[in-house]
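Structure record follows, encoded as structure tokens.
Convention: sequence-line order gives letters A, B, ...; per-chain numbering from 1.
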Amino acid sequence: MWKTKEIAIPKGFNFKLTAKSHGWYDLAPFRFDDEAGVLFYVFTDERNGKAIEAKISCKGKRLLIDLDTSLPDANPIPDLVRHILRFDDSIGEFHTMAANDENLNWAATRGAGRLLRSPTVFEDMVKTLCTTNCSWSLTRKMVENLVAALGASSSSGSRSFPAAETLAAKDEKFYREVVRAGYRSSYFVEMTEKVAAGTIDPEKWLDPEIPLEELRKEIKSIKGFGEYAVDNLMKLIGRYDGLALDSWLRAQFYGKHNRGRKCSDKTIEKKYKRYGKWKGLAIWCDMTSDWHDPS
DNA sequence: GCGTCCAGGTCTACC
DNA sequence: GGTAGACCTGGACGC
């Protein structure tokens, strides 16, 4: 039995631009149906550990959340949806700056800049580690393997993202042979054990009061998190100070702003310096301006 | 089908 | 602080 919940969207919110803001919509348990304009996600019901599939779509000024189960009115899923779509993010300052930039005014006009994220920082950590040093197809495969092997099953058979404790119970052999994580396997073991044991608490990183450098240092101390991975995770947390430069982003920059010729990372930094704490969002919106159809 | 080469980001050892 | 090499996988390519 499906049950629909409705919530009001914030002013200037663009559902499709947010859902497809970066590749996360393509990683399990997310899925996006372009034709229908529906974002799918499989949540975990904290009460019993069962999976709940949600279909999220937008109708006028309302967001519709269709759940494949009947839940009590006080269920947490609408709040989690607000979190993943970043309803409460205040990016007006970024839009004000972008409005005066010929490369970025599209973002201000159309309401881009909210980057889709997972319900937990932990899930974003795992996925970020899966993006390091490999093709996108391998990233998809690793996440898929993880969810298929350890996720809880919904009534329709789709699977949710496993909890840290579930991942921590697995050894390096599992990550190597089932997830196909290769040399990253030992990083997964170390990271998930630390989270499950409470040695690190990723959810606390959402606190905007944590000093930037302190946060950066803590994430950087985790094996497998270098410059790119730290910046990427921090963007998802809501800190856009780092550019999260990877080979794709660099190549895009060379093509758009340097006549296809390579240049140093410092030159790239210089281009977005005026955006200050928003520069990570600025380069991302600049480099993805041709991703989205005008509708 | 098989073998080889390459891209990708981070870590570690070394200078 | 900077650099080189190793790590591992999937995809592209040539045979």
Item to check | Interface with DNA chain B, restricted to residues 175-192 of chain A and to heavy atoms under 4.0 Å | outcome: A:Tyr183, A:Tyr187

Checklist entry - With a 6.0 Å cut-off on ring centres, are A:Phe30 and A:Trp24 close enough? => result no

Checklist entry - Is any side-chain heavy atom of A:Arg184 less than 4.5 Å from a side-chain heavy atom of A:Thr132? => result yes

Checklist outcome for this item: Taken to the nearest 0.5 Å, the spacing of A:Trp284 CH2 from A:Leu104 CG works out to 13.5 Å

Item to check | Comparing A:Leu138 and A:Asn133 on DNA chain C - which has the more 5′ nearest nucleotide | outcome: A:Asn133

Checklist entry - Where along residues 242-266 of chain A does a heavy atom fall under 4.0 Å from DNA chain B? => result A:Asp246, A:Ser247

Item to check | NZ or CZ of A:Lys262 within 45° of A:Tyr254 ring axis and under 6.0 Å | outcome: no

Checklist entry - Ion pair present between A:Asp26 and A:Arg140, side-chain N to carboxylate O less than 4.0 angstrom? => result yes

Item to check | Note, A:Lys279 side chain near A:Glu269 side chain (heavy atom, < 4.5 Å) | outcome: yes

Checklist entry - Taking the inter-plane angle between the rings of A:Phe15 and A:Phe32 on a 0 to 90° scale, is it parallel (under 30°), tilted (30 to 60°) or perpendicular (over 60°)? => result tilted

Checklist entry - Which of residues 213-224 of chain A sit near DNA chain B, with a heavy atom under 4.0 Å from it? => result A:Ile222, A:Lys223, A:Gly224

Checklist outcome for this item: Nt span of DNA chain C in reach of chain A heavy atoms at under 4.0 Å, 5' end first, is C:dC7 to C:dG11

Checklist entry - If we only count heavy atoms from C-beta on, is the A:Lys235 to A:Arg117 side-chain gap below 4.5 Å? => result no

Next on the checklist: Is the ring pair A:His257/A:Phe253 parallel, tilted or perpendicular, if the boundaries are 30 and 60 degrees?
Outcome noted: tilted

Item to check | Whether A:Phe94 and A:Tyr275 hold their rings parallel, tilted or perpendicular, with breakpoints at 30° and 60° | outcome: tilted

Item to check | Start and end of chain A contact along DNA chain B [non-hydrogen atoms, under 4.0 Å] | outcome: B:dG8 to B:dT12

Item to check | Step-by-step salt bridge (charged side-chain N to carboxylate O under 4.0 Å, His left out) determination, A:Asp265 to A:Arg250 | outcome: CA-CA 8 Å; A:Asp265 289 354; A:Arg250 288 188 183 95; 2.9 Å; yes

Checklist entry - Do A:Ile283 and A:Leu245 have side-chain heavy atoms sitting under 4.5 Å apart? => result yes

Checklist outcome for this item: Bend of the helix from B:dG1-C:dC15 to B:dC15-C:dG1 from end-axis comparison, five pairs per end, nearest 10°, comes to 30°

Checklist entry - Hey, what do you get for CZ (A:Arg114) to CD1 (A:Ile84), rounding to the nearest 0.5 Å? => result 13.5 Å

Checklist entry - Would you call A:Lys217 and A:Glu213 a salt bridge, using N to O less than 4.0 angstrom? => result no

Next on the checklist: Are A:Leu80 and A:Tyr41 packed together at the side-chain level, in the sense that at least one heavy-atom pair is separated by less than 4.5 angstrom?
Outcome noted: no

Checklist entry - Where does the angle between the aromatic ring planes of A:Phe87 and A:Phe13 fall among parallel (under 30°), tilted (30 to 60°) and perpendicular (over 60°)? => result perpendicular

Item to check | Pairwise distance CZ(A:Arg176) to CZ(A:Arg180) - rounded to 0.5 angstrom | outcome: 10.0 Å

